[in-house]
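For reference, the structure is listed below as structure tokens.
Below, all heavy atoms of this structure are taken into account, side chains as well, without hydrogens, waters or symmetry copies.
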Amino acid sequence: MKAGIIVFPGSNCDRDAEFALNSCGFETEYIWHDYDNILKYDFIFIPGGFSYGDYLRAGALAKFSPVMKHVEKFAIEKKGLIMGVCNGFQILTETGMLPGALSKNTSLKFICKDVDVNVESFETPFTKYIEKKKLRLPIAHSEGNFKIEKKDIELIKDKVAFKYVENPNGSYEDIAGIFNKNLNILGMMPHPERNSVKTLGNGDGAYIFLSIRRYLEDAKNN
């Protein structure tokens, strides 16, 4: 399976993503933010970091990068799988590919620690083969407080991917990650790529990447 990792000026988790995806059996390539052909990949990963320095609002400038139009095309035409983590999640909400928005943590402080999240649905490509209900994953953000307007709440009904066991940032309904309506895009604040092997923790993050790979392999073989 071939995974593309998008790199914006300011991304800083692209190397972690490469390590995690390679460890889980993917071939990986970096995709610079002005690249305009990504249909050859099976999976697109938008890593965390500080795209464009987060000088305006996290993700608000990255949505104008040329590659993002092709990420949307990848989701609609190829129906490929896309995953955005932390700043990547923020970028996906800024583009409108995922509903809601990420705002400052209620503490107004940067939070960096391991947290427990519950898997809320096992009926998606990203979670189908996860073997545990509860995962322990790192977080590292100052804008991880998931918000959604009342008129859009219906959009995330049955589309919640993960919920915090102990909400660290004030997110609506303890939400740590959501899917789009077609279940081929996942955005989440915790970093599975930073706990993908046991030398980095308990390796729980690998469950997500292995689920993605197995789903894609099944789809190609059937």
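Every residue meeting the side chain to side chain donor-acceptor pair (under 3.5 Å) condition with Thr127, not counting sequence neighbours, appears here in chain and number order: Thr124. Scored by the salt bridge (Lys or Arg N to Asp or Glu O under 4.0 Å) test, Glu143 finds Lys104 as partners (sequence neighbours excluded). When the salt bridge (Lys or Arg N to Asp or Glu O under 4.0 Å) test is applied to Lys132, the partners found at least two apart in sequence or on another chain are Asp204. With sequence neighbours excluded, the residues that form a side-chain contact (heavy atoms from CB on, under 4.5 Å) with Ser107 are Asn105, Lys109, Ile111. Residues that satisfy the side chain to side chain donor-acceptor pair (under 3.5 Å) test with Asp174, not counting sequence neighbours, are Asn167. Scanning for salt bridge (Lys or Arg N to Asp or Glu O under 4.0 Å) contacts around Arg136 gives Asp116, with sequence neighbours left out. For Ser196, there are no side chain to side chain donor-acceptor pair (under 3.5 Å) partners, not counting sequence neighbours. Judged as a salt bridge (Lys or Arg N to Asp or Glu O under 4.0 Å), and not counting sequence neighbours, the contacts of Glu94 are Arg57. Residues satisfying the side-chain contact (heavy atoms from CB on, under 4.5 Å) criterion with Lys220, sequence neighbours excluded, are Met1, Asp42.
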Side chain to side chain contact (heavy atoms under 4.5 Å, CB included) for Met83 and Ile208? Distances and angles first, verdict last. CA-CA 10 Å; Met83 180 175 174; Ile208 299 172; 3.9 Å; yes
Could you walk me through whether Val85 and Ile46 pass the side chain to side chain contact (heavy atoms under 4.5 Å, CB included) test, one step at a time? CA-CA 6 Å; Val85 170; Ile46 307 175; over 6 Å; no
Quick one, Ile5 with Ile31, criterion side chain to side chain contact (heavy atoms under 4.5 Å, CB included). Give me CA distance, side-chain angles, the key distance, then yes/no. CA-CA 6 Å; Ile5 302 167; Ile31 303 170; over 6 Å; no
Please test Tyr129 against Arg213 for side chain to side chain contact (heavy atoms under 4.5 Å, CB included), starting from the C-alpha separation and ending with a verdict. CA-CA 10 Å; Tyr129 297 105; Arg213 199 194 80 193; over 6 Å; no
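There is no path of hydrophobic side-chain contacts, each under 4.5 Å, that joins Phe122 to Leu210. One hydrophobic cluster, built from ILVMFWY side chains closer than 4.5 Å, holds both Met188 and Leu183. The cluster map of Ile, Leu, Val, Met, Phe, Trp and Tyr, joined by side-chain heavy atoms under 4.5 Å apart, puts Tyr35 and Leu39 in the same cluster.
Looking at Asn87 and Asp54, their side chains come closer than 4.5 Å, going by heavy atoms from C-beta outward. Inter-residue side-chain proximity for Asn184 and Ile82 is flagged as unmet; no heavy-atom pair is nearer than 4.5 Å. In this structure the side chain of Asn182 never reaches within 4.5 angstrom of the side chain of Lys79, judged on heavy atoms. Counting heavy atoms from C-beta outward, Leu216 and Arg214 have side chains that stay 4.5 Å or more apart.
The backbone N or O of Glu18 sits nowhere less than 3.5 Å from a side-chain atom of Thr28 that would complete a donor-acceptor pair. Checking side-chain atoms of Ser171 against main-chain N and O of Phe146 turns up a donor-acceptor pair under 3.5 Å. Lys133 places a side-chain N or O within donor-acceptor distance of the main-chain N or O of Val119, the cut-off being under 3.5 Å. Side-chain atoms of Asn180 do not come within 3.5 Å of backbone N or O of Leu98 as any donor-acceptor pair.
Asn222 and Asp218 share no side-chain donor-acceptor pair at under 3.5 Å. No hydrogens or angles considered: a donor-acceptor pair under 3.5 Å links the side chains of Asn169 and Tyr164.
Here the OH atom belonging to Tyr30 is positioned 10.5 Å from the OG atom belonging to Ser11, to the nearest 0.5 angstrom. In this structure, CD in Glu72 is found 10.5 Å from CG in Leu92, a value given to the nearest 0.5 Å. We find the CD1-CG distance between Ile212 and Leu186 to be 7.0 Å, quoted to the nearest 0.5 Å. Atom-to-atom distance recorded for Met189:CE and Cys86:SG is 3.5 Å, nearest 0.5 angstrom. Between atom CG of residue Asn145 and atom CG of residue Leu108 there is a gap of 9.5 Å, rounded to the nearest 0.5 Å. In this structure, the separation between CZ on Phe8 and CG on Asp34 is 10.5 Å, given to the nearest 0.5 Å.
Listed by first then second residue, pairs satisfying salt bridge (charged side-chain N to carboxylate O under 4.0 Å, His left out) with a partner in residues 1-15 read Lys2-Glu29, not counting sequence neighbours. Listed by first and then second residue, the ring pair (Phe, Tyr, Trp, His ring centres under 6.0 Å) pairs involving residues 50-91 are His33-Tyr52 (not counting sequence neighbours).
Nearest heavy atoms, Val117 versus Ala176: CG1-CB, 4.1 Å. Between Phe209 and Leu21, the shortest heavy-atom contact is CD2-CD2, 3.7 Å. Across Asn195 and Gly203, no two heavy atoms sit closer than the pair OD1-N, 2.7 Å. The heavy-atom pair separating Ile91 from Ser51 by the smallest distance is CD1-OG, 3.9 Å. Pairing each heavy atom of Pro192 with each of Leu137, the nearest pair is CA-CD2, 3.8 Å. A pairwise comparison of heavy atoms in Gly48 and His191 identifies CA-CE1, 4.4 Å as the closest pair.
Atom NZ of Lys73 has 12 or fewer neighbouring heavy atoms from other residues, nucleotides or ligands inside a 6.0 Å radius. Within a 6.0 Å radius of NZ in Lys198, other residues, nucleotides and ligands contribute 12 heavy atoms or fewer. Heavy-atom contacts from other residues, nucleotides or ligands closer than 6.0 Å to OH of Tyr207 number more than 12.
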Under 3.5 Å, sequence neighbours excluded: what are the donor-acceptor pairs made by side chains of residues 147-162?
none

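Aromatic ring centres of Phe43 and Phe26: separated by under 6.0 Å.
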